[in-house]
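Encoded as structure tokens, the structure appears first; notes follow it.
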Amino acid sequence: MSHGHSFSQGSEVDQVLVDIADYVINWKSSSEEAFRTARYAAIDAIGCGLLALQFPECTKHLGPVVPGTVVPNGNHVPGTQFVLDPILAAFNIGCINRWLDFNDTWLGKEWGHPSDNLASVLAVAEYVSRNHETLGLKVPTMKDVLDSLIKAYEIQGVIALENSFNRVGLDHVVLVKVASTAVSTLMLGGSRQEIINAVSNAWIDGQSLRTYRHFPNTGSRKSWAAGDAASRAVRLSLMSLKGEMGYNTALTAKVWGFYDVHMKGEFFKFQRPYGSYVMENVLFKVSFPAEYHAQTSVECGVKLHEIFKSKGGVDAVQSIVIITHESAIRIIDKKGPLKNPADRDHCIQYMTAVALLEGNLVAEHYENEFVHAHPEIDRLRELMVCQENLEFSKDYLDPEKRSIANSVTITFKDGMVFKEEVQYPIGHRRRRAEAIPLIEEKFSHALKTRFPPKQVQKILSVCLNQEAFEKLPVTEFMQLFVI
């Protein structure tokens, strides 16, 4: 029996599925801010991926599953010579972009990294472009990529605002899978029903547990989980285009639906309709490759570095108090041994200690060699206490503020007390003007780690110019990043 494009029979389609499909098909952004921010989000994520190519633990996951596989008209992975099918390309791009925990962030009752969706968007955009070239059709431009990225951000971010997956043990990459599936199906030419079919399958997939993000199992899967979700999204989208059926009550079905199985019977809540709010308010990681709830704590540590050093360092410290918000307490307040870089970049005490000691925080500070050379980090951690400030927690969820506040207070043995407090990290919308030059500098630095000067300048001339960027065909854009 052929299922064709049909749904399972017997009930109306879940409204969540309908709303997502109608949004990706019908909504058109007129927000210059959204498109401008999307360009910065795209180049920032690509830059993070280029930086990750310096780490063998990341690059071991890249390339074809079977060495030597050749894919005609295949997809490129920025900064490499790999040419892959779109499913595997999405995994590769997602893996490198996320590896260093340096790409953008979204915070609500659920957390996440919306630029994880760039992996599927770029892979599908190039796949469609190569096919169009072969058929003599118009090739999509990078403005089409930005449009899809805005929509993927919005789906992931709006659902995350009022719905906590972490409280039921699920990882936030479920939202990457759902958002990427929706926009990928549209980019592939899918109909409204095909989008709904694909998204319903994304919801009923087995979803990733947060096991790998928390003690005692924190590990490197958190660095490739988004790539895994993005690649699955492309797979489900391609299946839908071949006529794979959908499931009209994937969320609401009693006993077997997503709500009953995963959410304790609770239906999703929504704070706002889909638009471009998430892209306009996304949080960039500008200065530090650190879990976002610790960004302002690290900034406090950097500000206190000179005082800390002049007072005699760790030997002169009586105590350190980090005042933070509830989400930080739950995710990154850690005691005891830290086993690996993935463990360390999710420990607010570790990151703040390094900032105090070094006056900075870079990816290399999470590696074993650095840790073994600096036993004073753990000595500082033992002196630290984390406490929740209820006002910080309230402002964190306030849609008009969305602060990520931390303060660090050091009491020295001589009785002197020094405190720094930062409400909004530099990547916050309220500090966007301050952040943009640093985002450009971060991207330029990443390019220089992978490409010769002439190629760097060619890339920058396009990527730092909104009009030139939007007009560039996707195939030409991807070719810029081939080594």
Side-chain angles (χ1 to χ4, degrees), residues 98-114 116 156-157 159-176 207-226 229 282-283 285 288-301 321-355 361 366 381 384-390 392-397 402-408 422-425 427-428:
R98 186 75 197 99
W99 193 264
L100 296 179
D101 203 353
F102 209 3
N103 59 326
D104 61 23
T105 294
W106 184 250
L107 303 175
K109 290 189 177 176
E110 186 54 56
W111 320 296
H113 308 278
D116 292 343
Q156 178 176 352
I159 296 174
L161 283 173
E162 293 293 336
N163 303 287
S164 176
F165 296 84
N166 60 80
R167 286 192 178 276
V168 294
L170 295 182
D171 194 27
H172 50 70
V173 295
V174 58
L175 296 180
V176 176
Q207 309 301 346
S208 297
L209 305 181
R210 285 189 63 88
T211 309
Y212 48 83
R213 296 189 189 274
H214 296 278
F215 178 85
N217 293 300
T218 312
S220 56
R221 180 168 179 151
K222 75 181 185 63
S223 298
W224 57 259
V282 75
L283 304 162
K285 290 186 180 181
F288 315 113
E291 203 282 337
Y292 212 87
H293 296 90
Q295 289 279 321
T296 51
S297 183
V298 173
E299 191 171 342
C300 290
V321 177
I322 300 173
I323 303 297
T324 189
H325 44 285
E326 187 267 346
S327 291
I329 295 287
R330 282 203 296 127
I331 308 169
I332 53 175
D333 177 14
K334 291 184 180 178
K335 305 287 187 184
L338 302 173
K339 300 176 183 178
N340 51 50
D343 219 0
R344 295 168 197 133
D345 73 15
H346 272 56
C347 173
I348 192 170
Q349 293 93 336
Y350 181 91
M351 292 179 276
T352 306
V354 172
L361 180 65
Y366 299 118
R381 286 178 61 217
M384 292 179 176
V385 175
C386 283
Q387 298 173 355
E388 180 186 0
N389 180 310
L390 294 179
F392 286 1
S393 297
K394 178 184 174 184
D395 290 349
Y396 172 88
L397 293 172
R402 301 190 55 76
S403 71
I404 307 97
N406 283 291
S407 72
V408 177
V422 179
Q423 291 279 333
Y424 300 95
H428 195 280

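Quick caveat: nothing in here was measured; it's all calculated off a predicted structure.
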In terms of heavy-atom contacts, does NZ of K394 have more than 12 from other residues, nucleotides or ligands at under 6.0 Å?
no

To the closest 0.5 Å, what do you measure between [atom1] ([X]) and [atom2] ([Y])?
X    : Y    : atom1 : atom2 : value
Q295 : M351 : CD    : CE    : 8.5 Å
L397 : S327 : CG    : OG    : 6.5 Å
S220 : Y212 : OG    : OH    : 11.0 Å
I322 : M384 : CD1   : CE    : 5.0 Å
K285 : D101 : NZ    : CG    : 3.0 Å
D116 : H172 : CG    : NE2   : 7.5 Å

Which residues share a side-chain hydrogen bond (donor to acceptor under 3.5 Å, both in side chains) with [X], sequence neighbours left out:
X    : answer
N389 : none
N406 : T296, T324
Q423 : E421
D345 : K222

Donor-acceptor contact present, side-chain [X] to main-chain [Y], <3.5 Å:
X    : Y    : value
Q349 : K335 : no
E326 : S393 : no
R344 : Y366 : yes

How close do [X] and [Y] get, counting heavy atoms only, and between which atoms?
X    : Y    : value
G336 : R381 : O-NH2, 2.7 Å
P289 : L361 : CD-O, 3.3 Å
F392 : S403 : O-OG, 4.2 Å

I'd like to know if the side chain of Q207 pairs up with that of D171 as donor and acceptor (distance under 3.5 Å, no hydrogens or angles considered).
no

Classify the side-chain pair D343/Y350 by whether it contains a donor and acceptor separated by less than 3.5 Å.
no

Under 4.0 Å between a Lys/Arg side-chain N and an Asp/Glu carboxylate O for D333 and R330?
no

H214: what forms a ring-ring contact (aromatic ring centres under 6.0 Å, His included) with it, not counting sequence neighbours?
none

Residue list, ring-ring contact (aromatic ring centres under 6.0 Å, His included) with H293, at least two apart or on another chain
W111, H325, Y396

Within-4.5 Å side-chain heavy-atom neighbours: [X] and [Y]:
X    : Y    : result
W106 : L161 : yes
H346 : F215 : no
I159 : F165 : yes
V321 : V408 : no

From CA spacing to verdict: side chain to side chain contact (heavy atoms under 4.5 Å, CB included), E110, Q156
CA-CA 10 Å; E110 186 54 56; Q156 178 176 352; over 6 Å; no

Stepwise side chain to side chain contact (heavy atoms under 4.5 Å, CB included) test for R402 and L107:
CA-CA 8 Å; R402 301 190 55 76; L107 303 175; 4.1 Å; yes

Stepwise, does the side chain to side chain contact (heavy atoms under 4.5 Å, CB included) test hold for N163 with K109?
CA-CA 6 Å; N163 303 287; K109 290 189 177 176; 6.0 Å; no

Using the side chain to side chain contact (heavy atoms under 4.5 Å, CB included) definition, which of the options S297, C386, C347, C300 pairs with T352?
S297

